[in-house]
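Worksheet: one structure, shown below.
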Amino acid sequence: MKVSAVQSDSTLSVRPLDSRTLWLLGACAFASMASMRICDAMLPSLTAEFSATTGQGARTISGFALAYGVLQLFYGPLGDRYGKVRVIGFATLACTIGSAAAALSPTLDWLVVSRILSGAAAAGIIPLTMAWIGDSVAYEGRQEVLAKLLGATVFGMICGQWLGGLVAEKLSWRAAFVMLAAIFLISGAMLAKRARGFATPAPGDMGSVPRRVLDVLAQPWARTVLLVTCIEGALAFSALAFIPSHLHASFNLSMPTAGAVVALYGIGGLFYSRCARTLLRRFGETGLATIGGVCLGIAFGTIAFSPSWQWTLPACLLAGFGFYAMHNTLQTHATQMAPAVRGTAVSLFACVLFFGQSLGVLLAAWVVDAMSSSTVFAFSAIGLLLLGGAFASLIRQHNRRLRGA
């Protein structure tokens, strides 16, 4: 099997994977990702109700992403100190408050603030789940287990994008947030109850938050992974956020239909998660990074210049497959950047990912208002194609250094 030549975790205990806890963590991750993407397909509804431009409405997306990224540096050390599962459970419950506040929003500014609160709470779910997997699974089998988590997050993305537009049109956008609040409440309560049986990590002098972050950044490979992750987030997520409104404005598709088309992005990711084990054995990490970049370049290039909306069907499917082929490889390396403070390291990974997303969405919103959404897709296509090839080359160089050490 072609995997990176990485140093193994000598302190990792060998024990059966807690499948029930993994399932509950997956449910919380599903809700977190649904919340992240729920505003994508309801942007026209929000802009119509609040008499705002698409760029102004997009603050509900970028605000969530910015808070999500910044708060990573809070949750990572918290998970290392008090237990990752326990922190995830309470963070999920806290998401209920943000979603309920969003449903009651009287103004766009109120909604943006509610989304910021939701992002701040959701920040403690998926990255700490990844860190928990890193603590529980040896590196050789970690990418396969992370791909299972990927299935839950991608399904959440599909539901957020599709149901967000569908419920907004058939009922109201407020009803979508009420449904989301109920999911957070149920999954968070179940996980918090199960977390009572987990032992609290032994106290120790693990240093301040800045010191832990500096310990991660002191590793050259960690800096490389984080840089690639930030660029990936800026290019991929900014383009993804504007596909529904692009289909609505360019081809007069209804928002439920546009949301269903974009849901194919998630289906492409689900397809990757189901064949990740086979692909990893066949192509290795470098191959997956390259394949991911090529698929994303072709897909977003097709969306940018498609003469009819039907072309976006295979393009969204291919984009989802390509993104998760590249991103799953990045996730695996992120769990190994600093095993001693894995929670902090993975949270820093998520921080730069969503800092990139927030910056990318803000810049893309300006480009959409000033030029066109097609310009955003074309730029992302070129950038992600080059990024996939560059990251594959960097992995090969990293592996050669490790073998020579």
Side-chain angles (χ1 to χ4, degrees), residues 23-52 54 56-68 71 88-126 152-193 241 244-245 248 254-260 262-263 266:
W23 186 90
L24 287 173
L25 291 170
C28 295
F30 162 87
S32 175
M33 186 58 74
S35 178
M36 184 180 298
R37 301 259 62 100
I38 198 168
C39 287
D40 290 4
M42 64 169 64
L43 274 181
S45 298
L46 297 178
T47 55
E49 173 152 344
F50 297 116
S51 301
T54 299
Q56 291 170 335
R59 289 186 296 153
T60 59
I61 301 171
S62 59
F64 183 105
L66 182 60
Y68 191 104
L71 266 291
I88 293 168
F90 285 109
T92 304
L93 288 173
C95 288
T96 306
I97 301 173
S99 296
L104 299 172
S105 298
T107 65
L108 180 59
D109 287 339
W110 180 294
L111 179 58
V112 171
V113 171
S114 299
R115 292 288 291 159
I116 290 172
L117 291 174
S118 294
I125 300 176
I126 294 177
T153 60
V154 170
F155 188 52
M157 183 186 72
I158 293 172
C159 290
Q161 289 174 322
W162 178 55
L163 290 177
L166 180 64
V167 174
E169 182 167 290
K170 300 301 182 183
L171 297 175
S172 74
W173 60 267
R174 298 179 189 276
F177 283 110
V178 170
M179 294 171 58
L180 194 59
I183 297 172
F184 275 125
L185 180 62
I186 294 171
S187 59
M190 292 177 66
L191 186 63
K193 181 179 179 180
S245 53
H248 178 70
S254 67
M255 287 313 296
T257 302
V262 180

Using 0.5 Å steps for rounding, measure from the [atom1] atom of [X] to the [atom2] atom of [Y].
X: I183; Y: F30; atom1: CD1; atom2: CZ; result: 5.0 Å
X: L185; Y: T96; atom1: CG; atom2: OG1; result: 5.0 Å
X: L104; Y: S99; atom1: CG; atom2: OG; result: 11.0 Å

Minimum side-chain heavy-atom gap [X]-[Y] below 4.5 Å:
X: S114; Y: F177; value: no
X: L117; Y: C95; value: no
X: I126; Y: Y68; value: yes
X: E49; Y: R174; value: yes

Report the residues that fulfil side chain to side chain contact (heavy atoms under 4.5 Å, CB included) with [X], sequence neighbours left out, ordered by chain and then residue number.
X: A67; result: I116, A120
X: F50; result: L46, L108, L111, W173
X: A94; result: A121
X: S51; result: none

Discussion item. Looking at T60 and G57, would you say the former's side chain and the latter's main chain have a donor-acceptor pair under 3.5 Å?
Written reply: yes
Worksheet item: Between the side chain of T92 and the main-chain N/O of I88, is any donor-acceptor distance below 3.5 Å?
Response: yes
Show the nearest heavy-atom pair for residues [X] and [Y], with the distance to one decimal.
X: I125; Y: A91; answer: CG1-CB, 4.3 Å
X: A181; Y: A100; answer: CB-N, 4.1 Å
X: W110; Y: S105; answer: CD1-OG, 2.8 Å
X: L93; Y: A192; answer: CD1-CB, 4.2 Å
X: L180; Y: A31; answer: CD1-O, 3.9 Å
X: S35; Y: F64; answer: OG-CE1, 3.3 Å

Salt bridge (Lys or Arg N to Asp or Glu O under 4.0 Å): pairs with one or both residues in [range], sequence neighbours excluded:
range: residues 26-37; answer: R37-D40
range: residues 175-184; answer: none
range: residues 179-190; answer: none
range: residues 106-123; answer: R59-D109

